[in-house]
Amino acid sequence: MSLRKWFYLFWTTLLIGAGGAVIAGLALQIVNGGIQFKSTADFFLYALILLGYGALVSVYAQLGFFAYLILNYTGIGVFPRKAWRYIQLVLAVLALLELMFLRTFVSGDRSVRSDLTLGLAILLTALIVSWFKMRSTNASAWVPTFFFMTAITIVEIIGVLRIGVDSATVFILVPLIACNAFQILMLHRILKPASL
């Protein structure tokens, strides 16, 4: 990957994260209505804060993406390719089950419905993104994409899950999933050698 291609990936992911945070923040504002704006300037300041927050989330998503690339490279080097695919699939399923059920059983004050909804949303998104990735490349890309969109995304949202507030989870999850989906779907296009 050249520096120019990485620069393109960085800035486009930054814009997607910023846009995702603005959409999530304004949607939560419409649904919850927690902030009362005194003037138009307050609204634009809120939108600017959302842009900055989305940019930070996108950088966090990019760190997770490059950590995944290193993990995948190491996994391919240590295990046979077929075994590494099965390992990723098992880890993805375990991460989803832990997110949907284990947290509720460990701390009884959590509601099953919010964890189940979150897990199903991540699962549905991962299935859709994996299908598009497979259509764009080949069938062997399905499992790594599914693993990245489930297990890595769940690891990235652990901090906000500890807060236990559904609005905060939605607020970080929307830009994070948008960034992760964009990065994994763009990877093969960015790595494709330039035609002469």
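Please read all numbers here as calculations on a predicted model, not as lab measurements.
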So do the side chains of [X] and [Y] get within less than 4.5 Å of each other, counting heavy atoms only?
X	Y	answer
Leu118	Ile157	yes
Val129	Asn180	no
Phe147	Thr153	no
Gln62	Cys179	no
Val57	Tyr53	yes
Asn72	Gln88	yes
Met134	Ser140	no
Leu69	Leu187	yes

Can you tell me how far apart [atom1] ([X]) and [atom2] ([Y]) are? Round to the nearest 0.5 Å.
X	Y	atom1	atom2	value
Ile122	Thr117	CD1	OG1	11.0 Å
Leu91	Ile152	CG	CD1	9.0 Å
Lys5	Arg189	NZ	CZ	13.0 Å
Ile177	Ile172	CD1	CD1	11.0 Å
Leu116	Leu123	CG	CG	10.5 Å
His188	Ile190	NE2	CD1	10.0 Å

Single-linkage hydrophobic cluster, 4.5 Å side-chain cutoff, [X] and [Y] together:
X	Y	result
Leu96	Trp131	yes
Leu9	Leu63	no
Met149	Phe132	yes
Ile184	Val155	no
Ile76	Tyr73	no

Donor-acceptor under 3.5 Å ([X] side chain, [Y] main chain):
X	Y	answer
Lys133	Trp142	no
Glu98	Leu94	no
Tyr60	Glu156	yes
Ser130	Phe146	yes

Using every non-hydrogen atom in the two residues, find where [X] and [Y] come nearest and quote the distance to one decimal.
X	Y	answer
Gly20	Val174	O-CG1, 3.7 Å
Ala92	Thr150	CB-OG1, 3.1 Å
Ala21	Leu50	CB-O, 3.3 Å
Ala151	Ala95	CA-CB, 4.0 Å
Ser58	Leu14	OG-CD1, 3.0 Å

Between Tyr86 and Phe79, does a ring-ring contact (aromatic ring centres under 6.0 Å, His included) hold up when you go through it step by step? CA-CA 10 Å; Tyr86 286 126; Phe79 302 104; over 10 Å; no
Sub-6.0 Å ring centroid separation between Phe65 and Phe148: yes
Given Ile16 and Gln183, is the side chain to side chain contact (heavy atoms under 4.5 Å, CB included) satisfied, shown in steps? CA-CA 10 Å; Ile16 286 172; Gln183 290 176 106; over 6 Å; no
Got more than 12 heavy atoms from elsewhere within 6.0 Å of CZ, Phe10? yes
